[in-house]
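Computed from heavy atoms alone, side chains included, the values below leave out hydrogens, waters and symmetry copies.
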Amino acid sequence: MQTGEQKANTIKRLRRIEGQVRGVADMVENERYCVDVLTQIAAIHEALRGVGKGIIENHLATCVTEAAQTGSDEERSEKYRELVATIYKFVR
């Protein structure tokens, strides 16, 4: 789990991204230049990737580390499989 400060930062970043998405919707509605819209979409994509990286780092530092240190062989294997699957989803 994230600390209170980490959670607050994640929420803050997600709220900022939410505003960017609303801005893109306005750009489309107002028929802004396609390249400008695509540039904003790329910025949103990178911002989401940044949030995802932070959550993955936190997951490694907490859940995965805990399973590696105190979990059973089965728990460690499950966390490993889960992490690999999540990373594959994230990098697609």
Side-chain angles (χ1 to χ4, degrees):
M1 298 299 290
Q2 293 182 322
T3 66
E5 183 179 345
Q6 289 170 325
K7 183 177 178 179
N9 286 336
T10 298
I11 296 296
K12 182 179 177 182
R13 292 175 74 183
L14 288 169
R15 296 276 190 251
R16 190 175 312 125
I17 293 166
E18 182 180 25
Q20 288 177 293
V21 171
R22 280 193 303 273
V24 169
D26 289 343
M27 291 175 76
V28 170
E29 190 172 277
N30 295 320
E31 299 182 7
R32 294 276 304 270
Y33 186 55
C34 296
V35 173
D36 293 341
V37 174
L38 292 169
T39 299
Q40 288 305 307
I41 290 171
I44 292 166
H45 180 73
E46 282 305 307
L48 282 170
R49 287 179 58 80
V51 170
K53 286 177 187 177
I55 292 172
I56 286 174
E57 287 175 11
N58 183 71
H59 182 60
L60 282 167
T62 57
C63 302
V64 175
T65 299
E66 182 179 329
Q69 291 174 346
T70 63
S72 66
D73 288 344
E74 186 178 321
E75 287 173 306
R76 286 192 293 273
S77 292
E78 176 58 31
K79 286 294 179 195
Y80 174 80
R81 286 190 301 272
E82 178 185 70
L83 180 61
V84 169
T86 300
I87 289 171
Y88 283 158
K89 287 177 190 175
F90 191 72
V91 298
R92 284 195 276 185

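Counting only distance, with no hydrogens or angles, the side chain of Q40 and the backbone of V37 share no donor-acceptor pair below 3.5 Å.
Summarising the geometry, atom CG belonging to N58 is positioned 8.0 Å from atom CD1 belonging to I55; distances are rounded to the nearest 0.5 Å. Atom CG of residue L48 and atom CZ of residue R13 lie 9.5 Å apart, to the nearest 0.5 angstrom. Rounding to the nearest 0.5 Å places CD of E75 at 7.0 Å from OG1 of T70. In this structure, CD on E46 lies 10.5 Å from CD1 on I17, to the nearest 0.5 angstrom. The distance from the NE2 atom of H59 to the OG1 atom of T62 is 7.0 Å, given to the nearest 0.5 Å. Note that CD1 of I41 and CG of D36 are 11.0 Å apart. Values are rounded to the nearest 0.5 Å.
Linking Ile, Leu, Val, Met, Phe, Trp and Tyr residues whenever their side-chain heavy atoms come within less than 4.5 Å places V28 and V21 in a single cluster. Note on L60 and V51: separate hydrophobic clusters, where clusters join Ile, Leu, Val, Met, Phe, Trp and Tyr whose side-chain heavy atoms are under 4.5 Å apart, directly or indirectly.
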Practice problem: In sequence, state the C-alpha distance, the side-chain angles, and the governing distance for I56 and K53, and then conclude on side chain to side chain contact (heavy atoms under 4.5 Å, CB included). | Solution: CA-CA 5 Å; I56 286 174; K53 286 177 187 177; 5.7 Å; no

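Nearest approach of A47 to Q20, heavy atoms of both residues: CB-OE1, 4.2 Å.
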For residues 76-92, tabulate all N or O donor-acceptor pairs below 3.5 Å that involve a side-chain atom, not counting sequence neighbours.
from: R76; atom 1: NH1; to: G71; atom 2: O; distance (Å): 2.4
from: R76; atom 1: NH2; to: D73; atom 2: OD1; distance (Å): 2.1
from: S77; atom 1: OG; to: D73; atom 2: O; distance (Å): 3.1
from: E78; atom 1: OE1; to: R81; atom 2: NH2; distance (Å): 3.0
from: T86; atom 1: OG1; to: E82; atom 2: O; distance (Å): 2.8

